[in-house]
Peer 1: 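Got a structure for you, written out below as C-alpha cells; questions coming shortly.
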Number of protein chains: 2
Amino acid sequence: MRQTSPMTERDFTRTCSEGYQVNLMARLFARALQAQIKPLGLSTGTFPVLLALWEREGQTQRELVTELGVEQATMANTLSRMERDGLITRRAHEADARVQTVWLTERAKGLEQAATAAAGEVNDRAMAGLTEQERQTFAALLSRVIGNLSDH
Amino acid sequence: MRQTSPMTERDFTRTCSEGYQVNLMARLFARALQAQIKPLGLSTGTFPVLLALWEREGQTQRELVTELGVEQATMANTLSRMERDGLITRRAHEADARVQTVWLTERAKGLEQAATAAAGEVNDRAMAGLTEQERQTFAALLSRVIGNLSDH
DNA sequence: TCCACTTATATAGCTTGCTATCTAATATTG
DNA sequence: CAATATTAGATAGCAAGCTATATAAGTGGA
C-alpha cells in the first residue's frame with residue numbers, strides 16, 4: 001500500500017509538520033505584535049503597508065500588492081480600513097484615471113518610530129536565547145523556504 | 001534621539017523583520033496546503049483538528065483548544081463548520097452536561113491517508129533543497145521561537 | 001441548602017486573508 | 001477607428017483568527 005520505503009518516509013504528526021509549526025508560530029507573532037501596537041491604534045494588517053509607505057510614499061495599490069505579496073482584494077480592503085482610520089489618503093494619478101496613489105497622514109508619519117520599535121521588541125523576544133549566528137541561520141532558512149513556496 | 005548604540009542596533013526593514021517573513025511564509029504554506037486539500041473537500045482550518053482527532057477521537061472542545069493553541073471561540077466556529085460539512089459529529093458527555101465529545105464521520109476517517117500525504121507534499125516542497133541536517137535545524141529553531149513566544 | 005465561583009460552550013462583532021467577479025479606463029491590433 | 005485585450009480597483013462572500021461577553025452546568029463553602 002505504502003508507496004515509499006519505510007526507511008525514507010517521514011512520519012506525519014502534527015507537531016513535526018513544518019506547516020503546522022509555521023502556522024502556530026505566525027499566530028503567536030501576530031498576537032504579540034497586536035498587543036504591542038494596539039496602544040498606538042494600529043493593527044497587524046496595516047503594519048506591512050505602513051512599513052512600505054514609510055519607505056516610499058505615493059505608491060499605487062498595485063505596487064503595494066506586488067511588494068507585500070497579498071492579493072489585490074486583500075489590499076483594497078486593508079487600504080479602505082486605513083483610510084477610515086485616518087492613516088492614509090488617496091490621490092488620483094495625474095496620467096491614468098484608473099490609478100490612485102496612497103499617501104500617509106501626519107498621524108501615520110508620526111507613528112513610525114514607536115511602531116518599528118514595538119515590532120523590533122517582538123522580534124527580539126521571539127529570537128531570545130538565539131546567538132547572532134543562529135538568528136542569521138533562521139533568517140536565511142526563512143528566505144529559502146519562502147523562495148521554495150513562491151515559485152509558481 | 002536614538003536610545004541604543006548604532007553598533008548594536010538592528011535596522012528595521014520589512015524584509016529583515018522575522019515577524020514579517022514568518023507571516024509571509026505562513027500565508028504561502030496556507031495557500032499551498034489549501035490548493036492540495038481543496039480537491040478532498042478540506043480547508044486549512046479544519047486540518048489541525050482532523051490531525052488531532054485521527055490521533056485520538058472523542059476529545060472535548062476544551063481538549064482540542066489546549067492541544068492546538070487556538071482560542072476557544074475559534075475552535076467553536078471551526079467545529080461548527082466541520083459539523084456542517086459532515087466531517088464530525090458531537091455526542092453528549094455521559095457525566096457532564098456541559099461537555100460534548102467530538103467524533104469523526106466515516107468520510108473524515110477515510111480522508112486520513114490522502115490528507116496527510118497532501119500535507120507531506122507541501123512540507124517537502126517547502127523544504128526542497130535543504131539537507132536533512134538543515135531541515136532539522138529549521139524544526140529546532142521553530143520550536144525555540146514558539147517556546148519564546150508562548151511563555152506568558 | 002443556597003450563593004458564589006468556575007468551567008464548557010456559544011455568540012456577536014471585528015480583522016485579515018482568500019477566490020471570483022464586476023466596472024471603468026487604457027492599450028493593442030486588424 | 002472600432003473591436004478586443006489588459007489593467008486598476010472595488011465588491012461580494014467565505015474562512016479562520018481574535019476579543020469580549022453570555023448562558024448553562026457543575027463545585028464548594030458558609
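Protein chains get the first letters and strands the later ones, always in sequence-line order, with residue 1 at the start of each.
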Peer 1: Sequence neighbours excluded, which residues qualify as salt bridge (Lys or Arg N to Asp or Glu O under 4.0 Å) partners of A:E112?
Peer 2: none

Peer 1: How long is the line joining CD of B:E94 and P of D:dG26, in whole Å?
Peer 2: 12 Å

Peer 1: In terms of base orientation, is D:dA5 syn or anti, with the syn window spanning 90° either side of 0?
Peer 2: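 With its glycosidic angle within 90° of zero, D:dA5 counts as syn.
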
Peer 1: Please report the distance, rounded to the nearest Å, between CZ in B:R91 and P in C:dT9.
Peer 2: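 After rounding, the reported distance stands at 15 Å.
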
Peer 1: In this structure, how many angstroms lie between the P atom of C:dT9 and the CD1 atom of B:I88, rounded?
Peer 2: 12 Å

Peer 1: Side chains of residues 96-104 of chain A: which donor-acceptor partners sit under 3.5 Å, not counting sequence neighbours?
Peer 2:
{"residue": "A:D96", "atom": "OD1", "partner": "A:R98", "partner atom": "N", "Å": "3.0"}
{"residue": "A:D96", "atom": "OD1", "partner": "A:R98", "partner atom": "NE", "Å": "3.1"}
{"residue": "A:D96", "atom": "OD2", "partner": "A:R98", "partner atom": "NH2", "Å": "2.9"}
{"residue": "A:T101", "atom": "OG1", "partner": "A:R91", "partner atom": "O", "Å": "3.2"}
{"residue": "A:T101", "atom": "OG1", "partner": "A:W103", "partner atom": "NE1", "Å": "2.7"}

Peer 1: Please determine, for C:dA8, whether a Watson-Crick or G-U wobble partner exists with both distances under 3.5 Å, and give it or none.
Peer 2: D:dT23

Peer 1: Does B:E132 come within less than 4.0 Å of B:R135, counting only side-chain N to carboxylate O?
Peer 2: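 Not counted as a salt bridge, because no side-chain N and carboxylate O are separated by less than 4.0 Å.
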
Peer 1: Which base sits across from D:dA5 as a Watson-Crick or G-U pair, both distances under 3.5 Å?
Peer 2: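 Because no pair has both required distances under 3.5 Å, D:dA5 counts as unpaired.
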
Peer 1: Under the salt bridge (Lys or Arg N to Asp or Glu O under 4.0 Å) rule, collect the residues that match up with B:R90, sequence neighbours excluded.
Peer 2: B:E83

Peer 1: Figure out the CE/C1' separation between A:M75 and C:dT16, and round it to whole Å.
Peer 2: 11 Å

Peer 1: Can you name the salt bridge (Lys or Arg N to Asp or Glu O under 4.0 Å) partners of B:E121, sequence neighbours left out?
Peer 2: none

Peer 1: With rounding to the nearest 0.5 Å, note down the distance linking OG1 in B:T137 to CZ in A:F138.
Peer 2: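 One gets 12.0 Å once the value is rounded to the nearest 0.5 Å.
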
Peer 1: Round to a whole Å and report the spacing from NZ of A:K38 to P of D:dT19.
Peer 2: 8 Å

Peer 1: Rounded off to whole Å, could you give me the CE-to-C1' distance for the B:M82 and C:dA10 pair?
Peer 2: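 Whole-Å distance recorded here is 18 Å.
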
Peer 1: For residues 22-41 of chain A, run the donor-acceptor check on the side chains, cut-off 3.5 Å, and write out each pair with its distance to 0.1 Å, sequence neighbours left out.
Peer 2:
{"residue": "A:N23", "atom": "OD1", "partner": "A:R27", "partner atom": "NE", "Å": "3.1"}
{"residue": "A:R27", "atom": "NH1", "partner": "B:G69", "partner atom": "O", "Å": "2.9"}
{"residue": "A:R31", "atom": "NH2", "partner": "B:G69", "partner atom": "O", "Å": "2.8"}

Peer 1: Quick one, give me the B/S/- string for nucleotides 6-16 of chain D, reading 5' to 3', where B means a protein heavy atom under 4.0 Å from the base and S means that only happens at the primed atoms, P, OP1 or OP2.
Peer 2: -BSBBB---SB

Peer 1: Please report the distance, rounded to the nearest Å, between CG in A:L87 and P in C:dT16.
Peer 2: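 The answer, rounded to whole Å, is 11 Å.
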
Peer 1: To the nearest Å, how far apart are A:I37 CD1 and C:dT15 P?
Peer 2: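 Whole-Å distance recorded here is 13 Å.
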
